[in-house]
Undergrad: 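This structure is in structure tokens; I'll ask about it shortly.
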Amino acid sequence: MGPEPLFLGLETSCDETAAAVLSGDNEILGHVVLSQDVHEVFGGVVPELAARAHLQKVDAVVNEALLQANVRLKDIDVFGVTAGPGLIGALLVGVCWIKAAAYGLGRPWIPVHHMEAHLFSPSLEDADAEPPFIALLVSGGHTLLLHARAWGDYRLLGETRDDAAGEAFDKVAKRLGLGYPGGPQIQRLAEQGEASRYHFPRPMLARTQVPKDPGFYDFSFSGLKTAVVERVQALETQGVLREEKAHIAAAFQVAAVDVLAAKTMRAVEQTGCRRVLLGGGVSVNSALRAEVASRLGDQGRLFYASPRLSLDNGAMVARAARFRFECGEIADFYSSASAKLEFPGLVGAA
Ligand code: KG4
Ligand code: ZN
């Protein structure tokens with residue numbers, strides 16, 4: 001290994017085939033994200049198609065990242081890959097690829113937890129984005145609120161009891177006839193609508209106001225989604241859905257953002273930690289960023305990454321792999337992918 005170890009990060013847990021090369025001082029030397037389009041007509045990710053598309057593209061994506069970094073595969077010192085959670089067929093493509101490369105070159109491979117990787121994204125652009133912080137991790141499959149006391153030392157505060165935040169955006173978008181992924185489409189449409197025209201429920205907010213209430217930090221998005229879908233149905237029956245779509249999108253977004261921001265602020269107030277990190281695909285949402293920023297005020301610090309690092313990518317995987325590598329966590333070649341991988345270092349609320 002040279003003085004500057006090189007890390008490769010590969011991400012194939014869902015519908016992005018992504019690879020990045022990271023230098024030892026966290027400089028992104030190559031960065032490629034290929035979003036699969038085979039799912040568009042289905043309005044959601046089809047696991048079997050995702051795995052097949054990863055298999056077709058993984059070589060090209062890694063090669064392009066190496067080319068950008070002006071290095072060869074044999075120059076990579078440490079191989080990181082998302083090992084879970086995610087779609088098992090999709091994960092296996094990445095894990096098998098990385099294990100084969102690491103084995104062939106006699107280098108270590110590091111299995112990375114997808115949501116821990118999301119935690120590292122802001123630190124790739126801002127050296128201050130280090131624990132301690134309250135992290136709201138919101139993606140298509142997960143909604144987690146945690147207190148990161150140090151890298152690798154995380155206390156779980158809350159999680160979703162049903163749908164993930166991104167899943168709610170995607171399902172509402174699908175019902176409104178918008179494309180997939182739904183989050184960006186909802187955001188765009190919401191900008192043309194008036195949120196006050198409709199009022200949707202804020203699940204787990206009003207009746208969980210004191211810390212001893214079960215669900216004080218937890219989320220639920222399925223009731224909100226159903227309320228929106230039922231309203232859309234009624235408007236469709238009346239033949240006025242087209243005129244109301246933007247207002248519906250805006251009212252839904254306000255309700256979802258309200259719950260996410262409120263729970264995050266509960267964590268800030270209870271822990272006294274005024275440093276907040278937003279991570280995962282939904283953290284790209286500008287209404288969410290603005291709402292948390294405004295509630296946190298001047299006394300707090302808010303961290304989030306630019307969209308290319310907030311959405312699924314290989315750089316965050318390489319960065320998380322680097323952390324785990326430095327902890328000495330090198331995997332053997334019997335380890336593999338796991339659809340329900342446990343979040344490393346995460347302990348339940350004390
Ligand atoms: O982290 P990510 O790229 O993949 C997963 O790990 O799931 O997150 C994807 C999710 C999707 O549900 C997508 O609709 C949502 O992030 N998303 C957004 C926005 N951009 C992406 N949700 C709300 N507003 C956005 N601007
Ligand atoms: Zn993700």
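Remember, it's 1-based here, ligands and their atoms both numbered in the order they're listed. Since the structure is predicted, the reported quantities are computational estimates derived from the model, not experimental observations.
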Undergrad: Looking only at distance, does Val284 have an N or O less than 3.5 Å from an N or O of ligand 1?
TA: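 N/O-N/O distance below 3.5 Å does not exist for this pair.
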Undergrad: How would you list, by chain and number, every residue that makes a salt bridge (Lys or Arg N to Asp or Glu O under 4.0 Å) with Asp126, sequence neighbours excluded?
TA: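 Asp126: salt bridge (Lys or Arg N to Asp or Glu O under 4.0 Å) contacts with Arg301.
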Undergrad: Is it true that the NZ or CZ of Arg289 lies under 6.0 Å from the centre of Tyr304's six-membered ring and within 45 degrees of the ring axis?
TA: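 Satisfied, under 6.0 Å and within 45°.
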Undergrad: Quick check: does His114 get an N/O under 3.5 Å from an N/O on ligand 1?
TA: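 Yes; at least one N/O pair falls below 3.5 Å.
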Undergrad: Output the list of atoms in ligand 1 that are nearer than 4.0 Å to some heavy atom of Gly166, sorted by atom number.
TA: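 Reading through ligand 1 atom by atom, the close ones are 12 (O).
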Undergrad: Applying salt bridge (Lys or Arg N to Asp or Glu O under 4.0 Å), name anything that partners Arg175, two or more places apart in sequence or on another chain.
TA: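 Here the qualifying residues are Glu236.
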Undergrad: Pairs of nitrogen or oxygen atoms closer than 3.5 Å, one from Glu167 and one from ligand 1: do any exist?
TA: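 It does not: no N or O of Glu167 is found under 3.5 Å from an N or O of ligand 1.
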Undergrad: Testing the 3.5 Å rule here: is there a donor-acceptor pair between the side chains of Trp151 and Glu116?
TA: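 No, because no side-chain N or O of Trp151 sits under 3.5 Å from a partner of the opposite role on Glu116.
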Undergrad: Scan Val254, Leu224, Asp258 and name whichever one has a side-chain contact (heavy atoms from CB on, under 4.5 Å) with Phe200.
TA: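 One option only clears the test, and that one is Leu224.
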Undergrad: Return the set of residues passing ring pair (Phe, Tyr, Trp, His ring centres under 6.0 Å) with Tyr103 (not counting sequence neighbours), or none when no residue passes.
TA: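 Ring pair (Phe, Tyr, Trp, His ring centres under 6.0 Å) list for Tyr103, sorted by chain: Phe333.
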Undergrad: List every atom of ligand 1 that sits less than 4.0 Å from any heavy atom of His118, numbering the atoms from 1 in the order shown and giving each element.
TA: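 Answer, ordered by atom number: 1 (O), 6 (O).
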Undergrad: Taking distance alone, with no angle check, do Gly183 and ligand 1 share an N/O pair under 3.5 Å?
TA: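 So ligand 1 has an N or O lying under 3.5 Å from an N or O of Gly183.
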Undergrad: List nothing but the number: protein N/O/S atoms under 2.8 Å from the Zn ion (ligand 2).
TA: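 If we list every protein N, O or S atom nearer than 2.8 Å to the Zn ion (ligand 2), we get 3.
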Undergrad: Any donor and acceptor pair, going by atom type alone, linking the side chain of Glu125 with main-chain N or O of Ser306 inside 3.5 Å?
TA: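 Side chain of Glu125 to backbone of Ser306: a pair is present.
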Undergrad: Quick check: Leu311 and ligand 1, any N/O pair under 3.5 Å apart?
TA: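 N/O-N/O distance under 3.5 Å: no.
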Undergrad: Tell me whether the count of non-hydrogen atoms from other residues, nucleotides or ligands lying under 6.0 Å of CG in Asp298 goes above 12.
TA: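 Not more than 12 within 6.0 Å, no.
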Undergrad: Evaluate whether atom CG of Asn70 has more than 12 neighbouring non-hydrogen atoms of other residues, nucleotides or ligands under 6.0 angstrom away.
TA: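 Open: at most 12 neighbouring heavy atoms sit under 6.0 Å from CG of Asn70.
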Undergrad: Mark up the atoms of ligand 1 that fall under 4.0 Å of a heavy atom belonging to Gln187, in ascending order.
TA: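 Counting from 1, the qualifying ligand atoms are 24 (N), 25 (C), 26 (N).
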